[in-house]
Amino acid sequence: MSRLRFEVITAAFGKKAIEVPLLKERPSDYYGVNVFNREKMFKYLPGDVYAKLVDVIDNGAPMDQSIAGSVAEGMKRWAIENGATHYTHWFHPLTETTAEKHDAFIEHNGKGGVIEEFKGNLLMQQEPDASSFPNGGIRSTFEARGYSAWDPTSPAFLMDDTLCVPTVFISYTGEALDYKAPLLKALRAVDKAATDVCHYFDKNVKKVTTYLGWEQEYFLVDEGMLLARPDLLLTGRTLMGHDSAKNQQLEDHYFGSIPERVAAFMKDLEIESLKLGIPAKTCHNEAAPNQFELAPIYEECNLAVDHNMLIMAIMKNVARRHGFRVLLHEKPFKGVNGSGKHNNWSLGTDNGTLLMAPGKSDKENLRFITFVVNTLAAIYRHNGLLKASIMSAANSHRLGAAEAPPAIISSFLGSHLSSVLDHLETTDDVVKILSKRELHLNIPQIPELMIDNTDRNRTSPFAFTGNRFEFRAVGSEANCASAMIALNTAMAEQLVLFKQEVDALIETGVAKEDALVSVIRKYIKYSKPIRFDGNGYSDEWRKEAQERGLDCEASAPLVFDRYLDSASIDMFGKMDVMTETELRARNEIKWEMYTKKVQIEARVLGDLALNHIVPTATKYQSMLLDNIIKMEQVLGKEEGDNASKENIDTVKIIANSVAEIRRMVAEMVERRKVANRIAEEREKAIAYHDKVAPMLESIRTHIDNLELIVDNELWTLPKYRELLFIV
Ligand code: ADP
Ligand code: MG
């Protein structure tokens, strides 16, 4: 691939040469070159091994251990031919990033030299010395080490010189220490439950696949600017910074033309994604200045989650090549929109039907309504849990800030679908069975393609968008798996319940269609409180949601409690996704992570306040005082003081702010000390939320005021207007 070179002006490094691959080849020529996909499996594996592996991937057949050696050998051959020297088990620990430990392929050959080797056992299972990954006490209580085990359903790939093998990460006592293990279980649960329900409509369905299409929002900042902002560098967000005079008021960034330097970055990123088999499709500007979005075509959920984790890693590397840093934090800048990750979610059968898409016949539409209504019931029953699944210290800045969905889960259906459900709920003769084979549903016409019919409601956290639901409250930095585990498990539980009730009615002699409609109607009534098509940002909605009994808690440490509700423990247990031990351990980690995030922010802000802001403000104050004294000397006391009136006021304001900042930083340290003495992770996180986090805001207010009055030449930190507009 030839490359295009051009120069850009960066803030810190002046001119910087940028290289962008020139697209002579078509994407289809290099799509997936770095992936051990079907084509390569076919080429590098013996025929019988290939067939067995494909059976495992497509049909969930049990893994035949005896083929591991052959698969490993084939993978190794392909990897080495493509320049790999190392391999790693790639997994998703509970830190929101990925982990890998690189080992070289080499082994002693017994003759004083080495050979390249990668045995089946190394592919299947490894023991990363991972005692430093968060485990919520599982490993210290039970067993010291965890192991990673190959996930054959997500293909191995090459990153630079390393063969990466996607794996799950579990403790020796079997508890999941990662996101992938419970995700795979949740996907299996929903597959089973949805397939059973599909059989009411189509006996031939063998498998239901969960699809996920994520949209990733992010900010780009000039690398030089970022390096001059310790808060951005260390915490991922600005802990201070006054609004820029211009930010997103003009709404001129959204879908605006993409600056050349950014376009080059996007092109490069797109090519890297395609090479890794990530079907990147859409790139555009987002609402805030310097904010952008990338979305691939939707894929099977487990693969889509892996691809999202991969893209977050690649973005960081590609950005550096272009003199940028990418910010994935949910709220890097106060006063402009934060970043999220929309999770477009749907279910589809092995014979190609999307279950949440309206169909041509009445029967297909009854199936469509069945799945929509069960979704509503699932998210209503577990609305608090669903919120917990997307909650984090960082995402809590975004939720409820009139830019992202509020910290209340509700679902938007649009007027058309709403009227269909209302009709079903209130009309008695919905089902007319005309003959044995033909069914007539007395419901308003459902257009086959509703995608363009659904009005867009961007304030809804869980919106129906024509053939899928879009979960919009997921954080930009989060692992999508967290939301997908909760959502799919809730859906599986609901579908099981639904089937039990329909079957019970059929057993009493009720016709199948009548039984279906009757149970659907029950769940339309049941799930009504979750349906909301109005403005999710409004104060009235907050009030109304409370009255409807929806979970309105906004404090992250308390929201995490929803994982330990008896309804959640029961659901995860029954669906065989997570045990109570796992849930408890995971919550310990959530609380601990929350505390650490706020703790780091508090330390960074304290340091910056005392050794950047206070000295700078004082220096400017001295300049003013010097001027005041000189004015007196020249003009005499009375006239001089008169002329210096504003300066004297400014001196007083600075003195006051500096004193306040000093006092509050000291108080924040005290509050941290008190919180740090608390032994229970939950209580500690609550103390950090209630007592420490608010101090960050109060200190910031003073700093931001100083930023407005202190001489720009003295102010050492890049301001919002520089961070947000230089690209
Ligand atoms: P918008 O920004 O309007 O929401 P985009 O086109 O940016 O739309 O993103 C839509 C995302 O939804 C894409 O990733 C797309 O592949 C995905 N998507 C489309 N149909 C489905 C579906 N049936 N199931 C899951 N994801 C889907
Ligand atoms: Mg979207």
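Each ligand, and each atom within it, is numbered from 1 in the order the structure gives.
- Atoms of ligand 1 found under 4.0 Å from any heavy atom of N467, numbered from 1 in the order shown, are 20 (N), 23 (N).
- If you look at H342 next to ligand 1, there are no close heavy atoms at all, none under 4.0 Å.
- The existence of a salt bridge linking K267 and E270 is confirmed by a sub-4.0 Å separation between a basic side-chain nitrogen and an acidic carboxylate oxygen.
- The side chain to side chain donor-acceptor pair (under 3.5 Å) check on E493 picks up H382, with sequence neighbours excluded.
- Which of E293, M356, E215 comes nearest to atom 2 (O) of ligand 1 through a heavy atom is settled by distance: it is E215.
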Check: residues 202-213 side-chain donor-acceptor pairs under 3.5 Å, at least two apart:
{"residue": "D202", "atom": "OD1", "partner": "N204", "partner atom": "N", "Å": "2.8"}
{"residue": "D202", "atom": "OD2", "partner": "N351", "partner atom": "ND2", "Å": "3.1"}
{"residue": "K203", "atom": "NZ", "partner": "H199", "partner atom": "O", "Å": "3.4"}

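- The side chain of L354, and not its backbone, has at least one atom closer than 4.0 Å to an atom of ligand 1 (non-hydrogen atoms only; side chain from C-beta on).
- Distances shorter than 4.0 angstrom do not occur between any heavy atom of K281 and any atom of ligand 1.
- A salt bridge does not link R398 to E217: none of the charged side-chain nitrogens sits closer than 4.0 Å to a carboxylate oxygen.
- Checked against F532 for a ring-ring contact (aromatic ring centres under 6.0 Å, His included), the options F412, Y537, Y380, W541 give a single hit: W541.
- Side chain of N395 to backbone of A473: a donor-acceptor contact under 3.5 angstrom is found.
- The heavy atom nearest to atom 27 (C) of ligand 1, out of those in Y211, F469, W214, Y298, is found in Y298.
- Two rings, from F292 and F265, have their centers 6.0 Å or more apart.
- Taking a cut-off of under 4.0 Å to the non-hydrogen atoms of E470, the atoms of ligand 1 that pass are 4 (O).
- Using a 4.0 Å cut-off to heavy atoms of I297, the atoms of ligand 1 that qualify are 16 (O).
- With a 4.0 Å cut-off on non-hydrogen atoms, P296 touches ligand 1 through its backbone and not its side chain.
- Set against the non-hydrogen atoms of S346, the atoms of ligand 1 under 4.0 Å away are 22 (C), 23 (N), 24 (N), 25 (C).
- Contact check on D576 versus K192 returns no salt bridge, with no Lys/Arg side-chain nitrogen under 4.0 Å from an Asp/Glu carboxylate oxygen.
- Between W345 and ligand 1, no N or O atom pair is found at a separation short of 3.5 Å.
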